[in-house]
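Written out below as structure tokens is the structure these notes cover.
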Amino acid sequence: MLSRRQILIGAASLCFAASPAFAAKSLTLTDEQKASVQLVSDYINGFQHLRGEFTQISPKGNLSRGVFHISKPGLMRFEYAPPNPFLIVSDGRWLTIKNRAKEKGDQFPLSQTPLRLVLNDKVDLMRDTDIIDFQKTGDLITLTVEDKKDSLGGGQLILVFDSARKALQQWVVVDGKNRRTTVTLENIVAGETPDPELFVVKINRKENISK
């Protein structure tokens, strides 16, 4: 069974990683590379509603699957398939991690998580992040970024974008000990308005964590 922290790191994208031993240096991008980064920003800005399936691999190799829903601005639901009891919901203000088996959970201010990179109305990766590494192999664009607002907790986020399919294919969270949590997205459908109740969650006990 994954720990609560592993669940949070994986699904939330994104990502309360431990601080690295040193700060990476931002790349100086060519015009062509900047255009590729803009493609990723345009994709994130190009949808309001998104749903699909995800597969998560924890740093220890544990595998979990589930379904996700995104409705911008600010709304998200990551629901893990049984026997994993966890549910992660953003209501636009709070990110709630709930253990459905115990009806308990924790809450974090959404503004202090890197989910803003995908849940805001307008995202500019060139403005909002430092691009630490850039790779392009065929149609795949791979960006390693650090959040300028440090909502990654000092960690790094790797985004893998398929420019041919025009879809975010995968993200990888890397913490300060080089431990990786990989989330792969599949069967993505855009444009369908989700049920607002998907983004409502109740827990019996909560720990509001502001830092």
Side-chain angles (χ1 to χ4, degrees), residues 1-27 29 33 36-37 40-41 43-44 50 52-68 70 76 78-81 83-88 90 95 97 106 108 112-119 123 125 128-163 165 167-188 209:
M1 177 67 66
L2 299 181
S3 70
R4 186 182 65 196
R5 180 174 175 80
Q6 288 171 331
I7 293 292
L8 174 60
I9 288 176
S13 55
L14 314 145
C15 344
F16 298 98
S19 297
F22 57 90
K25 185 178 180 180
S26 181
L27 289 181
L29 300 179
Q33 290 171 332
S36 294
V37 174
V40 183
S41 292
Y43 169 77
I44 295 172
L50 203 67
E53 301 171 359
F54 70 89
T55 300
Q56 175 185 307
I57 301 175
S58 78
K60 293 184 178 181
N62 296 314
L63 187 145
S64 292
R65 293 187 173 91
V67 296
F68 73 90
I70 291 174
M76 183 204 75
F78 268 71
E79 184 172 344
Y80 289 79
N84 192 319
F86 281 92
L87 172 68
I88 299 179
S90 168
L95 178 70
I97 302 95
D106 300 300
F108 303 82
Q112 296 183 19
T113 78
L115 285 170
R116 69 185 188 86
L117 295 177
V118 292
L119 296 183
V123 173
L125 292 174
D128 300 332
T129 72
D130 290 318
I131 310 296
I132 305 304
D133 189 44
F134 176 97
Q135 302 290 332
K136 187 172 183 181
T137 304
D139 295 323
L140 289 184
I141 299 168
T142 303
L143 306 177
T144 302
V145 305
E146 291 182 354
D147 191 343
K148 287 184 177 179
K149 290 188 176 181
D150 199 31
S151 58
L152 292 178
Q156 296 178 347
L157 180 66
I158 301 172
L159 301 173
V160 181
F161 180 77
D162 188 328
S163 60
R165 294 173 50 234
L168 184 63
Q169 178 172 298
Q170 186 180 85
W171 66 69
V172 182
V173 181
V174 185
D175 73 9
K177 295 183 179 180
N178 204 34
R179 294 174 299 198
R180 297 185 172 221
T181 300
T182 301
V183 177
T184 301
L185 308 180
E186 302 172 297
N187 300 322
I188 297 173
I209 300 175

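Side-chain contact between Arg180 and Asn178 is present, with heavy atoms from C-beta onward closer than 4.5 Å. Considering only heavy atoms from C-beta on, Thr181 stays 4.5 Å or farther from Trp171 through its side chain. Leu95 is listed as a side-chain neighbour of Met76, based on a closest heavy-atom distance under 4.5 Å. Side-chain contact between Val123 and Val118: absent, with no pair of heavy atoms (C-beta onward) separated by less than 4.5 Å.
Residues Lys148 and Thr129 approach most closely at CE-O, 3.3 Å, considering heavy atoms. Among all heavy-atom pairs drawn from Tyr43 and Ala167, the shortest one is CE1-CA, 3.7 Å. Here the shortest heavy-atom pairing between Tyr80 and Ser64 reads CD2-CB, 3.8 Å. When all heavy atoms of Leu143 and Val40 are compared, the closest pair comes out as CD1-CG2, 3.9 Å. Residue Glu79 comes nearest to Phe54 through the heavy atom pair O-CE2, 3.9 Å, listed as atom of the first residue, atom of the second, then distance. When all heavy atoms of Ile131 and Leu125 are compared, the pair lying nearest together is CD1-O, 4.3 Å.
A distance of 7.5 Å separates CZ of Phe161 from CG of Leu168, quoted to the nearest 0.5 Å. The CG atom of Asp133 sits 8.5 Å away from the OG1 atom of Thr142 when rounded to the nearest 0.5 Å. Taking CZ of Arg65 as the start and CD1 of Ile57 as the end, the distance is 8.5 Å to the nearest 0.5 Å. Rounded to the nearest 0.5 Å, atoms CD (Glu146) and CG (Leu157) are 10.5 Å apart. Rounding to the nearest 0.5 Å places CD1 of Ile158 at 4.0 Å from OG1 of Thr144. In this structure, Leu185 CG and Leu50 CG are separated by 8.0 Å, a value rounded to the nearest 0.5 Å.
Residues satisfying the side chain to side chain contact (heavy atoms under 4.5 Å, CB included) test with Leu140, not counting sequence neighbours, are Val160, Asp162, Gln169.
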